[in-house]
Amino acid sequence: MEKIITVTVNITENRHIVDDWSLAQSSQELALLIGTVKGQIVGQMLVNRKSPTPYSYLGKGKIEELSELVKESKAQTVIFNNDLTPTQQRNLEQIIGIKIIDRTQLILDIFAQHARSSEGKVQVELAQLQYLLPRLSGKGVVLSRLGGGIGTRGPGEQKLEIDRRRIRTRIDRLKKEIQILSKRRLQLRKRRLDNSLSTVALVGYTNAGKSTLLNALAGASVKIKNEMFSTLDPVTKQVALPGCKLKILLSDTVGFLHKLPHDLIEAFQATLEAVKDAQLIVVVLDVSDDLVYQHNDAIWEVLGQLKVQDTPIVYAFNKIDIIDNPSLIERLKRRFNPCVAVSAKNNLNMGKLLKVIEDLLFSESTISEFYIKHNQMNILNTIYEQGKVLNFEHLPDGISLKVRLPVQIAKKLLTEI
């Protein structure tokens, strides 16, 4: 098991940026990330600093302190809970003499560990190569450092000796692959629209229980792991709403994170398209976590970057089975609405959550009148599956109906008659 020292630095010069996370809380989250890659933390440093030094991020005194800690603990790697420039990372490695990893590289390593689909692997490789490219200039910096350990899951052994030109060629090729995969996803989305299915996305902080909730709502069997970013590739299942038999597509997405690097959001746009396409978003909050309010802020930061903050929202307060303070739920309800308190693990209040989803989808509904001929009965089937029939009348050549349907489904059906 790789021995690691963690360094968490609070930069105080940006006082206009409000961050409710303490140094200890940020360091604790870094420890959870490292636990996901099976690292052993043998020491930690918490540092308040007005601004990072361009040369080595830390000041001379803290670097000496870090060097002594490395010698005493026999650590193999130092992981910063901050993003380092290529120059800072390179200089720190030369001074301290062991591998230095920053926050982005650690997250990329976890993504590489959890990518299963071909598309996920392509996105991870592209993000890693774009991260590595500016770090190839300078003395002694070669890809051979990717031989093993945390922060080294990446492009693969066959690429250890490639130069920057070949990396750029590979990046261009990966971008083309992603464009091809994007066209396939567009076709799938069009097919879903043709099937008149509303889409609902589950979003939340990493390890909030989104996959467990998907399994409970859809009767699915998505593999569950108690670790961060266990779901990287989006998973979509069909679910029937109880009150109207409306079928929806429910998508589980990659978990969000405090200060999730913007470059990673850009690199994984494909993974997050399920959120951008959704008619409704279910924000899953782990109410057993002391940082539930900070987690919600982190979620909304990412939703803002995706420009979907105007999409209708419902909160699912998950893990209510393990909280010791029931009054917490009441306080959360006063702040976040609409909401449903659930336990995905114990299948508690799943029906209530589906009912709220149904009500919200139908709040964006319309009442339409249809005249359907006898040779168009396939449209009638869709109406019964996706809407509520308010009035029904048999006519000589067909039937007349008054129906409440989600707006986008009503528009589509009216164009087919």
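Gln105 and Gln89 are linked by a side-chain donor-acceptor pair at a separation below 3.5 angstrom, with hydrogens and angles left out of the test. When only modelled atom types and interatomic distance are considered, Arg103 and Asn82 share no side-chain donor-acceptor pair under 3.5 Å. With no hydrogens or angles considered, a side-chain donor-acceptor pair links Gln279 and Thr199 at under 3.5 Å. The closest side-chain donor-acceptor pair between Ser56 and Gln88, if any, does not fall under 3.5 angstrom. Of the N and O atoms on the side chains of Asn318 and Asp286, not one donor lies less than 3.5 Å from an acceptor on the other residue. With hydrogens and angles left out, the side-chain atoms of Asp102 and Tyr131 include a donor and acceptor closer than 3.5 Å. Between the side chains of Asn296 and Tyr315, a donor-acceptor pair is found at a separation under 3.5 Å.
Side-chain contact between Lys176 and Arg173: absent, with no pair of heavy atoms (C-beta onward) separated by less than 4.5 Å. Counting heavy atoms from C-beta on, the side chains of Ile11 and Pro52 come closer than 4.5 Å. Side-chain contact between Asp321 and Leu348 is absent, with no heavy atoms from C-beta onward closer than 4.5 Å. Annotation: side chain of Leu23 is not in contact with side chain of Val9 (no heavy-atom distance under 4.5 Å). Taking the side chain as every heavy atom from C-beta outward, Val302 and Val275 never approach each other to under 4.5 Å. Between Glu29 and His258, some side-chain heavy-atom pair lies under the 4.5 Å cut-off. Side-chain contact between Val78 and Ile98 is present, with heavy atoms from C-beta onward closer than 4.5 Å. Under the 4.5 Å side-chain criterion, counting only non-hydrogen atoms from C-beta, Ile357 is in contact with Val282.
Between Ala218 and Lys237 the shortest heavy-atom distance is CB-CB, 3.7 Å. Across all non-hydrogen atoms, the minimal contact from Asn81 to Ser26 is ND2-O, 3.0 Å. When all heavy atoms of Ser400 and Leu395 are compared, the pair lying nearest together is CB-CD1, 3.8 Å. The heavy-atom pair separating Val42 from Ala75 by the smallest distance is CG2-CB, 4.0 Å. Smallest separation of non-hydrogen atoms from Ala208 and Lys319: O-CE, 3.6 Å. Listed here is the closest heavy atom pair of Ala112 and Gln128: CB-NE2, 3.9 Å.
Between the side chain of Gln44 and the main chain of Gln28, no donor-acceptor pair closer than 3.5 Å is present. In this structure, the side chain of Gln76 engages the main chain of Lys3 through a donor-acceptor pair within 3.5 Å. Remark: side-chain polar atoms of Asn91 are paired, donor with acceptor, to backbone N or O of Thr87 under 3.5 angstrom. Checking side-chain atoms of Ser251 against main-chain N and O of Ala201 turns up no donor-acceptor pair under 3.5 Å. Between the Thr53 side chain and the Tyr57 main chain, a donor and an acceptor come within less than 3.5 Å of each other.
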TODO: Begin with the C-alpha distance, continue with both residues' side-chain angles, and end with the deciding distance and a verdict on side chain to side chain contact (heavy atoms under 4.5 Å, CB included) for Ile329 and Ile320.
DONE: CA-CA 8 Å; Ile329 301 297; Ile320 61 172; 3.8 Å; yes
Task: CA sep, side-chain torsions, deciding dist, call: Val47, Thr8, side chain to side chain contact (heavy atoms under 4.5 Å, CB included) - done: CA-CA 6 Å; Val47 182; Thr8 301; over 6 Å; no
Task: Verdict with supporting geometry, Val308 and Ile281, side chain to side chain contact (heavy atoms under 4.5 Å, CB included) - done: CA-CA 9 Å; Val308 295; Ile281 295 174; 4.0 Å; yes
TODO: With salt bridge (Lys or Arg N to Asp or Glu O under 4.0 Å) as the test, would you mind laying out the steps for Glu125 and Arg170 before giving the verdict?
DONE: CA-CA 10 Å; Glu125 183 178 355; Arg170 180 63 178 163; 2.9 Å; yes
TODO: Would you please test Ser211 and Asp252 for side-chain hydrogen bond (donor to acceptor under 3.5 Å, both in side chains) and show each step?
DONE: CA-CA 6 Å; Ser211 296; Asp252 184 16; 2.5 Å; yes
TODO: Begin from the C-alpha positions of Gln25 and Gln294 and carry the test side chain to side chain contact (heavy atoms under 4.5 Å, CB included) through to its verdict.
DONE: CA-CA 10 Å; Gln25 289 169 338; Gln294 290 92 328; 4.1 Å; yes
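For the atom pair Leu257 CG and Asn207 CG, the distance stands at 11.0 Å (nearest 0.5 Å). The CZ atom of Phe111 sits 7.0 Å away from the CG atom of Leu108 when rounded to the nearest 0.5 Å. Between Ile313 atom CD1 and Cys339 atom SG the span is 13.0 Å, to the nearest 0.5 Å. Atoms NZ and CG, on Lys276 and Leu303 in that order, are 12.0 Å from each other to the nearest 0.5 Å. The structure places CG of Leu250 at 4.5 Å from CG of Leu202, a figure rounded to the nearest 0.5 Å. Atom CG in Leu380 sits 5.0 Å away from atom CD1 in Ile372 (nearest 0.5 Å).
The salt bridge (Lys or Arg N to Asp or Glu O under 4.0 Å) contacts involving residues 298-311 comprise nothing, where partners must be two or more places apart or lie in separate chains.
Enclosure of atom CG in Asp290 is not indicated, since only 12 or fewer non-hydrogen atoms of other residues, nucleotides or ligands lie within 6.0 angstrom.
Not counting sequence neighbours, the partners of Asn325 by the side-chain contact (heavy atoms from CB on, under 4.5 Å) test are Ser327, Leu328, Arg331. Applying the ring pair (Phe, Tyr, Trp, His ring centres under 6.0 Å) criterion to Tyr293, with sequence neighbours excluded, gives no partner residue.
Taking the charged nitrogens against the carboxylate oxygens, Arg168 and Asp172 have no contact shorter than 4.0 Å, which rules out a salt bridge. Comment: Lys99 engages Glu2 in a salt bridge, judged by a side-chain N to carboxylate O separation of less than 4.0 angstrom.
When Leu106, Leu92, Leu30 are each tested for a side chain to side chain contact (heavy atoms under 4.5 Å, CB included) with Phe80, only one passes: Leu92.
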